[in-house]
Each structure stands twice: as structure tokens, then as C-alpha cells.
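Each remark here refers to the structure printed beneath this line.
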Amino acid sequence: MKLSEKNADFFEKVYMVVKLIPKGRVTNYGSIAHYLGSGRSSRMVGWAMNNAHFQKDFVPAHRVVNREGVLTGKHHFASPTQMQELLEAEGVEVLNDKIVNFESHFWNPAKELELD
DNA sequence: TGGGTGACCATAG
DNA sequence: ACTATGGCCACCC
């Protein structure tokens, strides 16, 4: 996997934000992309997540879901159930690959990080 | 060079 | 509520 410098910078920012997600909270790809300036699309965030496991530091990718709160990326984990188990371990209820009461658990980086 | 794909999202009808 | 379409940007044939 080769990364141009611009991508590497984008990846770093994505990982930084993902690492800042509080335990028991979740966010979506679009919010991260928008927070980073939306110069990139949400697809790039998902692409970054696909490469997250290349990072030395653990990236809580299980806290990133799509805008519906669905665990779209679960198949990319070590085990298909890993993502759900990690979320449930943090107190996030998951039903049929979807986060229950998603709005309650939602964590918006653009809002939380900017307003302190 | 160009088409297909992707852990996506917003809008229109 | 649901489908269709376009935008997004990088990757891989």
C-alpha cells in the first residue's frame, strides 16, 4: 500500500479523530470527512479505516459506522463479530448489525472538538 | 485512457 | 418511505 504525502496527512488526521472518540460513543464517516474540511469525501475515510490496521497504534474503528448507525465495516475486522462485541463491551447496544439509540451515542467531532 | 469499485452522503422525485 | 443519480477521490485492472 503506497501513500502519497497528501494521503498520509489525511490518514493521520482521520486516525487522530478516531482515537479521540470517547469510549461508548460512535461517529460516522461523513462527520469525520466534514470535520477534516470535506476536501475529501466520506469514501476516503472508509478507505483510511481499511488501512487502519497498518497503524502501530490501535485505532478504534469499531466506533465508526455509517450515517445510519449500521456496522458496515464489520466484515473488515478480524472476525465478523469483533466489531459488535467491542461496541457491546463499551456499553453500546447493537441489534442486527445496527446501533440501538444511535443518536444518543453519536459523537460529532466538528462540534465536540471545536467547542471543547 | 477509461471503466469499475468502495467500511459514504446528499438531494430529487 | 424508497429508488435513482451525482459527487467524492483513490485504487486496481
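Here A/His62 contributes atom NE2 and A/Glu85 contributes atom CD; the two are 11.5 Å apart, rounded to the nearest 0.5 Å. Separation of atoms CG (A/Asn51) and CZ (A/Phe11) is listed at 4.5 Å; rounding is to 0.5 Å.
Remark: side-chain polar atoms of A/Tyr35 are not paired, donor with acceptor, to backbone N or O of A/Asn108 under 3.5 angstrom. Side-chain atoms of A/Asn96 never come within 3.5 Å of backbone atoms of A/Lys98 as a donor-acceptor pair (strictly under, hydrogens ignored). A donor-acceptor contact shorter than 3.5 Å is absent between the side chain of A/His75 and the backbone of A/Thr72.
Only A/Thr72, A/Gly73, A/His76, A/Phe77, listed by number, bring a heavy atom of residues 72-91 of chain A to less than 4.0 angstrom from any atom of DNA chain B.
Here B/dC9 presents its P atom at 18 Å from OH of A/Tyr35, a figure rounded to the nearest Å. One can place CG of A/Asn66 at 11 Å from P of B/dA7, the figure rounded to the nearest angstrom. Put simply, CH2 on A/Trp47 is 17 Å from P on C/dC8, counting in whole angstrom units. Residue A/Tyr29 contributes atom OH, which lies 18 Å from atom C1' of B/dA10 at whole-angstrom precision. Remark: C1' of B/dA10 and CD of A/Glu68 are 13 Å apart, rounded to the nearest angstrom. Remark: P of B/dG6 and CG of A/Asn51 are 16 Å apart, rounded to the nearest angstrom. The CG-P distance, from A/Leu36 to C/dC8, rounds to 17 Å in whole Å. For A/Phe11 and C/dC9, the CZ to P distance is 14 Å, given to the nearest whole Å.
The two residues A/Arg25 and A/Phe106 come nearest to each other via the heavy atoms NH1-O, 3.6 Å.
For the pair A/Asn50 and B/dG6, the criterion of a side-chain N or O lying under 4.0 Å from OP1 or OP2 is not met.
Across all strands shown, A/Ala61 has heavy atoms under 4.0 Å from base atoms, whether or not it also approaches the sugar-phosphate.
Among the nucleotides B/dA7, C/dC8, B/dC9, the one closest to any side-chain atom of A/Ser42 is B/dC9.
Partner A/Val65 forms a side chain to side chain contact (heavy atoms under 4.5 Å, CB included) with one of A/Val70, A/Val94, A/Ile99 and no other, that one being A/Ile99.
Nucleotides C/dC2 and B/dA7 place their P atoms 23 Å apart, quoted to the nearest Å.
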